[in-house]
A.B. asks: 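My questions will all concern the structure given below.
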Amino acid sequence: MVAFSELCLLALIPAASAFPRGPAEASTFAGATSTFQFPPPGVTATVPDPNFPDKSIVGFSGPTPTGDDAFAIETAPVIPAIENESPIVRPDTFDHKGSRFDLVHSWGNLSPMFSLDPGTFGLSEASPIVPEGCSINAVHILHRHGARYPTSGSAPASFAAKIHSASTGSGFSATGPLAFLNTWTFKLGAEILTPLGRQQLFVVTVFNFRYELGVNTRIRYGSLLKGATDLPVWRTTSQGRSLLLVLRNIFQPHFLQFAAGFFGVQTFSSSYHQLIEIEAPGLNTTLAAYDQCANANNEIGGFGPAQATKWAAIYTGSTIKRLQRFISGVNLTATDIVAMQQSCAYESVALGFSRFCDLFTESEWESFEYLNDLGFWYGNGPGNPAVAAQGIGYVSEFISRLTRTRITNFDTSVNATIVSSDIKFPLKQPIFVDATHDTIITAVAVALNLTTLASGGPLPTDHIQRNRQWIVSHIAPFAANLVAQVLSCPASSTPTHIRWILNDAVVPLTGVKGCKANKDGLCDLVDYQFDCFGNYSIPLPDTILDGRFPSSLRNTTAA
């Protein structure tokens, strides 16, 4: 177990008098919710508006020839790295290590996507560029939405409510590095995309050639459209939040941003078909498979947060001692520390800057990163027996598209009505795009048997495992993308190979203990019905590495 003293950097902490002191008492609005609405209430744009005619009426468009499509994935010598931090003001750490330690990459699934180094997963000579002598026949893209506001009832909102409750009483005040809490208000919305989130899916162009997912995809793979015989069908989910399916959703506006970046704002709405799959209990969709998996919504699904909580209790101890002396009227807890670190991430991706960020040392940010890794490993990754089952539906759809064969077995989260339709689920597109959640990205990676990500596991809950590959900011950050390139080697019109690229790093297709030797690199199929609906308990100690319930224990459980 890591001792608190190893995490505490008291020697680096200035005396309290070195910090500017806040007011003797906090404002009564500290921690309150501060919201903004635009357009103003009751104001809408009329389309069409005779006062503001569109281009079809104005005319005088001039010559508008369209150039050939880009194909950087085959023609460029290198692919520019994506670094989705602008417009975030890069924060420092409490111990001033920010110049060499980028804490933005330590926010787990709240980090903006960034291009991973080629050797991240062990293939240092591989890149998204198509290997010499090969050609690309098709591409399948599964991606997460861009940066969003926290979900309703999130830890940052609860922390704000705690501060506000204290500020309306007596005895609450904050000084030193926490003095900003005296006048701080909660400015975050709920669940919809932030401006950075919209940018991530659309485009930003600067001198080092950074561009985001929609434009990035067009530049890399646009020439594949020459093989299209119809408009592509791309899928997203509704993310319904009530039984009436009121669409408080991220995904439709998210997908519109992606499509506008890919096709251009002038024509994107008429350049593709957007299939919105309803995300709600009782309705199948592989893009939100947890709704149909009973064991994703009980104590088995909650196993990840429970394991992460064990680590939080360890690493936050010294942090609480350090920060508590700067605040009165509030007793800080491990939950509060985690909420403050999450607030740093959420405020940064929403507002561009957060005073919470430099409250924590490099070590404390590394601990927060590991907290997220634990939560996903045991809740949405290789360490949870119901996770591969949540990813296998998408894998079935992928195989259906790859082999151009209709799915006939509907015992997973696959929607039979959709995948049986030539119109809604075409099999011959050159570019497939599906928008999903972070937890589905990780579930699909597990179901695909990308076992390199599980090397070094299971993850301990009492200390940081340094040699792990399971790092959530590498796997499922905001705007994460998992790309399957269908290749022919040597170049031809007949596909011969496939490979997977996760956030610009090629993932090796290797096996781990638990997978039988197979000349085709295959592993045991997922038992969707058992893993999602079987009556079992997670074995302790949990040594699962492949997101499946151990076959050796099947006879000891009830189906």
A.B. asks: What's the shortest heavy-atom distance between V446 and R548, and which atoms?
C.D. replies: O-NH1, 3.9 Å
A.B. asks: Nearest 0.5 Å, please: how far is CG in N297 from OH in Y290?
C.D. replies: 9.5 Å
A.B. asks: Given side chains that start at C-beta, do those of L502 and I475 come closer than 4.5 Å, heavy atoms only?
C.D. replies: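 Of all side-chain heavy-atom pairs linking I475 with L502, at least one is under 4.5 Å.
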A.B. asks: Can you measure from CG (L287) to OH (Y394) and round to the nearest 0.5 angstrom?
C.D. replies: 8.5 Å
A.B. asks: Within the side chain of E369, is there an N or O that forms a donor-acceptor pair under 3.5 Å with the backbone of I471?
C.D. replies: no
A.B. asks: According to the interplanar angle, ranging from 0 to 90°, do the rings of H105 and F114 count as parallel (below 30°), tilted (30 to 60°) or perpendicular (above 60°)?
C.D. replies: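 Parallel.
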A.B. asks: Is there side-chain contact between H474 and T120, with heavy atoms separated by less than 4.5 Å?
C.D. replies: yes
A.B. asks: Are the side chain of N503 and the backbone of L116 linked by a donor-acceptor contact shorter than 3.5 Å?
C.D. replies: no
A.B. asks: Knowing that exactly one of D546, I544, L553, D531 qualifies, which makes a side-chain contact (heavy atoms from CB on, under 4.5 Å) with P385?
C.D. replies: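 Going through D546, I544, L553, D531 one by one, the side-chain contact (heavy atoms from CB on, under 4.5 Å) with P385 is satisfied by I544 alone.
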A.B. asks: Output, in order, the C-alpha distance, side-chain angles, deciding distance and verdict of salt bridge (charged side-chain N to carboxylate O under 4.0 Å, His left out) for E397 and R235.
C.D. replies: CA-CA 12 Å; E397 292 175 334; R235 298 187 303 168; 2.7 Å; yes
A.B. asks: Would you sort out whether T461 and L374 count as a side chain to side chain contact (heavy atoms under 4.5 Å, CB included), showing the intermediate values?
C.D. replies: CA-CA 7 Å; T461 59; L374 282 170; 4.2 Å; yes
A.B. asks: Answer whether the closest heavy-atom distance between the side chains of P477 and V472 falls below 4.5 Å.
C.D. replies: no
A.B. asks: Going from CG on L402 to NE2 on H140, what distance comes out if it is rounded to the nearest 0.5 angstrom?
C.D. replies: 5.5 Å
A.B. asks: Side chain to side chain contact (heavy atoms under 4.5 Å, CB included) between S420 and F410: does it pass, once the steps are laid out?
C.D. replies: CA-CA 10 Å; S420 300; F410 303 110; 3.7 Å; yes
A.B. asks: Between L448 and L482, is a side chain to side chain contact (heavy atoms under 4.5 Å, CB included) present by the stated rule, with each step listed?
C.D. replies: CA-CA 11 Å; L448 284 170; L482 179 62; 4.1 Å; yes
A.B. asks: For the atom pair OG1 (T496) and CG (N137), what is the distance rounded to the nearest 0.5 Å?
C.D. replies: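 One finds 7.5 Å between OG1 of T496 and CG of N137.
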A.B. asks: Would you please name every residue forming a side chain to side chain donor-acceptor pair (under 3.5 Å) with Q485, sequence neighbours left out?
C.D. replies: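 Applying side chain to side chain donor-acceptor pair (under 3.5 Å) to Q485 gives Y221, R499.
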A.B. asks: State which residues pass ring pair (Phe, Tyr, Trp, His ring centres under 6.0 Å) with F101; sequence neighbours excluded, sorted by chain then number.
C.D. replies: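 In terms of ring pair (Phe, Tyr, Trp, His ring centres under 6.0 Å), with neighbours along the sequence ignored, F101 is linked to no residue.
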A.B. asks: Please check if the side chain of D117 supplies one atom and the backbone of G119 the other of a donor-acceptor pair under 3.5 Å.
C.D. replies: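 No, the answer is negative, given that no donor and acceptor are paired below the 3.5 Å cut-off.
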A.B. asks: Would you please name every residue forming a ring pair (Phe, Tyr, Trp, His ring centres under 6.0 Å) with Y370, sequence neighbours left out?
C.D. replies: W311
A.B. asks: Under a 3.5 Å cutoff, is there a donor and acceptor pairing between the side chains of E279 and H437?
C.D. replies: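 Present: a donor and an acceptor within the cut-off.
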A.B. asks: Could you check whether any side-chain heavy atom of Q307 comes within less than 4.5 Å of a side-chain heavy atom of W377, counting everything from C-beta outward?
C.D. replies: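 No. Closest side-chain heavy atoms not under 4.5 Å.
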A.B. asks: Is there a ring-ring contact (aromatic ring centres under 6.0 Å, His included) between F398 and W500 once you walk through the steps?
C.D. replies: CA-CA 12 Å; F398 168 72; W500 291 91; 4.9 Å; yes
A.B. asks: Counting only N and O atoms by type, is there a donor-acceptor contact under 3.5 Å from the side chain of T403 to the main-chain atoms of I399?
C.D. replies: yes
A.B. asks: Could I get the full list of salt bridge (Lys or Arg N to Asp or Glu O under 4.0 Å) partners for D542, not counting sequence neighbours?
C.D. replies: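 Applying salt bridge (Lys or Arg N to Asp or Glu O under 4.0 Å) to D542 gives none.
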A.B. asks: Looking at CH2 of W234 and CD1 of I141, how far apart are the two atoms once the value is rounded to the nearest 0.5 Å?
C.D. replies: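 Here the interatomic distance stands at 7.5 Å.
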A.B. asks: Would you name the heavy atoms of A386 and I300 that are closest together and state the gap between them?
C.D. replies: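 That would be CB-CG2, 4.4 Å.
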A.B. asks: Decide yes or no on side chain to side chain contact (heavy atoms under 4.5 Å, CB included) for C344 and W107, but give the supporting numbers first.
C.D. replies: CA-CA 9 Å; C344 160; W107 295 340; 3.6 Å; yes
A.B. asks: Can you tell me if N380 and T439 form a side-chain donor-acceptor pair at under 3.5 Å?
C.D. replies: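 Judged by distance alone, the side chains do not pair up.
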A.B. asks: Which pairs would a plain distance check flag for residues 425-432, meaning a side-chain donor or acceptor within less than 3.5 Å of a matching protein atom at least two apart in sequence or in another chain?
C.D. replies:
{"residue": "Q429", "atom": "OE1", "partner": "V233", "partner atom": "N", "Å": "2.5"}
{"residue": "Q429", "atom": "NE2", "partner": "V233", "partner atom": "O", "Å": "3.4"}
{"residue": "Q429", "atom": "NE2", "partner": "I431", "partner atom": "O", "Å": "3.1"}

A.B. asks: F121: what forms a ring pair (Phe, Tyr, Trp, His ring centres under 6.0 Å) with it, not counting sequence neighbours?
C.D. replies: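 Expected list: none.
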A.B. asks: Just jot down the side chain to side chain donor-acceptor pair (under 3.5 Å) partners of N298, sequence neighbours excluded, or say none.
C.D. replies: N295
A.B. asks: Using the test side chain to side chain donor-acceptor pair (under 3.5 Å), find all partners of S135 that sit at least two apart in sequence or belong to another chain.
C.D. replies: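 Residues passing side chain to side chain donor-acceptor pair (under 3.5 Å) with S135: S488.
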A.B. asks: Under the 3.5 angstrom rule, does the side chain of E277 hit a backbone N or O of T236 as a donor-acceptor pair?
C.D. replies: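 Flag not set: sc E277 to bb T236 has no pair under 3.5 Å.
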A.B. asks: Indicate yes or no: at least one non-hydrogen side-chain atom of T436 is less than 4.5 angstrom from one of T237.
C.D. replies: no
A.B. asks: With T442, which residues qualify under side chain to side chain donor-acceptor pair (under 3.5 Å), at least two apart?
C.D. replies: none
A.B. asks: Does K97 form a salt bridge (charged side-chain N to carboxylate O under 4.0 Å, His left out) with E366? I'd like the steps, not just the answer.
C.D. replies: CA-CA 12 Å; K97 300 292 182 63; E366 289 176 340; over 6 Å; no
A.B. asks: Considering only heavy atoms from C-beta outward, does the side chain of Y378 approach that of N384 to under 4.5 Å?
C.D. replies: no
A.B. asks: Can you list the residues that meet the salt bridge (Lys or Arg N to Asp or Glu O under 4.0 Å) rule with R100, with sequence neighbours excluded?
C.D. replies: E362
A.B. asks: Under the salt bridge (Lys or Arg N to Asp or Glu O under 4.0 Å) rule, collect the residues that match up with D422, sequence neighbours excluded.
C.D. replies: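 Expected list: R406.
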A.B. asks: Just how far is it from atom CG of L231 to atom OG of S271, taken to the nearest 0.5 Å?
C.D. replies: 7.0 Å
A.B. asks: Tell me every residue that passes ring pair (Phe, Tyr, Trp, His ring centres under 6.0 Å) with Y346, counting only those two or more places apart in sequence or in another chain.
C.D. replies: none
A.B. asks: Which atom pair, heavy atoms only, marks the closest approach of A447 to I392?
C.D. replies: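 Nearest heavy atoms, A447 then I392: CB-N, 3.7 Å.
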A.B. asks: Between Q292 (side chain) and A280 (backbone), is there a donor-acceptor pair under 3.5 Å?
C.D. replies: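 Pair found, side chain donor or acceptor close to backbone of A280.
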A.B. asks: Before giving the answer on salt bridge (charged side-chain N to carboxylate O under 4.0 Å, His left out), spell out for D373 and R468 the whole-Å C-alpha distance, their side-chain angles and the decisive distance to 0.1 Å.
C.D. replies: CA-CA 10 Å; D373 297 345; R468 69 191 185 281; 2.9 Å; yes
